[in-house]
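Some notes on the structure that comes next.
As the structure is a prediction and not an experimental result, all values here were calculated from the model. All ligand and atom numbering here is 1-based and tracks the order in the structure.
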Amino acid sequence: MSATHQLRCTNCNTRIAAESASSNFRCPECSGLYEVIYPWSPGASEMPASPVRLPNPGGMRHLWQERKTSTLPVDQSGVWRFRELLPIVRNVDRVVTLFEGNTPLYEMPRCAEIAGVDWLLAKHQGMNPTGSFKDTGMTAALSVAVERGFQWVACASTGNTSAAMAAYAARAGLRSIVFIPEGKIAWGKLSQSMDYGAMTVQLKTDFDGCVRLLLELVKRFPIYLLNSVNPYRLEGQKTPAMELCEQLEWQVPEHIVVPGGNLANSSALGKGFQEMKHLGLIARVPKISIIQAQGANPLYRWFNDTNHEMLPVKAETRATAIRIGNPASWKKAARVIEEMGGWCEQATEQEIALAKAEIGAEGVGCEPASAVTLAGLKKLVAQGRVHSGERVVLILTGHTLKDPQYTIDYHRGALLTDAEAAGATDLERSRHEALRKPPLVLEADEAVVLKALEERMATSDASMAAATSGTPA
Ligand code: F0G
């Protein structure tokens, strides 16, 4: 039995030994989801004391910094570098790592101006080994699967979880099964799970239907479930909170903005910040706001419903990563907003497309689901919920190359329907026009090329100014 941690039901508070969770990671008493707790976790006082002594905050900061110069794989990982805060495996030298984490924090001055804030950064979790934030969770949960002797792992996914799981399973020599909704995930992601050797099953249903079938599978076979209901995933996914604070020299920003799909990532980051505050690593926690696509917005509806009722929706959005109508971790995410402050907003297809182009034009780029963060921030500023002087960090969750078809369709003007485009304000329309860069198709003739480019270059300065300043051209 693990002496370092237990699982606690986030609904009824029942605690169980780490190894006793059922195959679907639900509490048998109330069906709630578990979270991992340690002897030092907030509210964990009845747990037996850990045999591992936790260094003081200054000591931990120093240790984590030192590990950056180590050549050991476990130190080079941007997740396991913070291992004092996730003691979930017995033998840390045997963790499955692809050197995840260590992601860049970009200044976004043009997006800041567009959104109406003075200071805006983007923590780009799409710069992980398989191109999404899922790698930070997968290194954690897959290492647990290996330690517990599983041969097979599985997940239902909108594409990024499956890519990450397939890669980490392949590294560990485990077999993996992926359930994905047919025709509803980006090609880049589908190709990854095949490339990494997963058994890829496309089901004629949506993500929520894939989850239902997967739960039947793991009930019948000794297969380890790697969806984000697995609480160990969240232990890895909380570490970007530590890394972010470290990158900001332990100054905490006022506001973090995250996309919301199955709603595990927002919960994981919230847990990370709350634990750091509890341990004295930071003086306060930031607000966390969660942004959903308007077509897949159950948390947004919950947030604005006077009865606070959660009703699943039939999800539809081109931001396929967050095309989820019945999010498993909604209660955890709701708790994060309630405890830390923050809001839930939604973004239309037109707003997502514009925000994605704006992030791309800053030389950063991201996949559509990540762009909801900027779209949502614009609204929070306009509503007066975020003030211009607040320091804001957008969490960009996926790489722009995950969904190149979306980007190409956007720039060719083939993405949005007329009805969707009609929802844009004059300002948004002019920004779309300035940002769209369809490829020029020209005869390979000197005179033709020079003339066309001369014309384009003359108009490009004005359109660049319009794209960044927000003034119609
Ligand atoms: N952004 C991207 C790029 C994602 O892939 C996901 C989720 C999210 C945001 C939302 O995170 O679910 O924790 O709220 N993708 C999952 C998948 C569901 O299967 O890849 P969440």
Closest protein heavy atom to [atom], given as residue, atom name and distance to 0.1 Å:
atom: atom 16 (C) of ligand 1; result: Lys134 NZ, 2.9 Å
atom: atom 1 (N) of ligand 1; result: Thr397 OG1, 2.7 Å
atom: atom 13 (O) of ligand 1; result: Asn265 N, 2.8 Å
atom: atom 8 (C) of ligand 1; result: Ile322 CG2, 3.6 Å
atom: atom 5 (O) of ligand 1; result: Asn160 ND2, 2.8 Å
atom: atom 11 (O) of ligand 1; result: Phe133 CZ, 3.5 Å

- prompt: Quick one: does NZ or CZ of Arg436 land under 6.0 Å from the six-membered ring centre of Tyr410, within 45 degrees of the ring axis?
  reply: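 Judged by the rule (NZ or CZ under 6.0 Å from the ring centre, within 45° of its axis), Arg436 counts as positioned above Tyr410.
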
Tell me yes or no: between the side chains of [X] and [Y], is some donor less than 3.5 Å from an acceptor?
X: Asn160; Y: Glu367; result: yes
X: Gln125; Y: Lys134; result: no
X: Thr397; Y: Ser370; result: yes
X: Glu100; Y: Tyr168; result: yes
X: Thr103; Y: Lys123; result: yes
X: Ser329; Y: Asn262; result: no

Return yes or no for this condition: an N or O of [X] is under 3.5 Å from an N or O of ligand 1.
X: Ala264; result: yes
X: Ser157; result: yes
X: Gln237; result: no
X: Ala156; result: no
X: Phe207; result: no
X: Ser162; result: no

query: With a 4.0 Å cut-off on heavy atoms, is Asn227 touching ligand 1?
result: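 Heavy atoms of Asn227 never come under 4.0 Å of ligand 1.
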
- prompt: Quick one: does Gly260 get within less than 4.0 Å of ligand 1, heavy atoms only?
  reply: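 Yes, that is the case, since the closest heavy atom of the residue is under 4.0 Å from the ligand.
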
- prompt: With under 30° as parallel and over 60° as perpendicular, where do the rings of Trp64 and Trp250 fit, or are they tilted in between?
  reply: tilted

query: Can you check whether Asn11 reaches Glu29 side chain to side chain, under 4.5 Å on heavy atoms?
result: no

task: Answer yes or no: is there a side-chain heavy-atom contact under 4.5 Å between Arg110 and Glu358?
output: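 Answer no - side chains too far apart.
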
field: Closest to atom 21 (P) of ligand 1 (judged by heavy-atom distance), picking from Leu263, Ile395, Val178, Leu234
entry: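 The nearest heavy atom belongs to Leu263.
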
message: For atom 12 (O) of ligand 1, which of the options Asn262, Ile290, Thr161, Thr320 provides the nearest non-hydrogen atom?
response: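 Selected option, by shortest heavy-atom distance: Asn262.
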
query: For ligand 1, which part of Ile324 has a heavy atom less than 4.0 Å away: the side chain, the backbone, both, or neither?
result: side chain

message: With a heavy-atom distance limit of 4.0 Å, tell me whether Glu367 approaches ligand 1 through its side chain, its backbone, both, or neither.
response: side chain

- request: Please find out if less than 6.0 Å separates the ring center of His5 from that of Tyr232.
  value: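 So the answer is yes for these two rings.
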
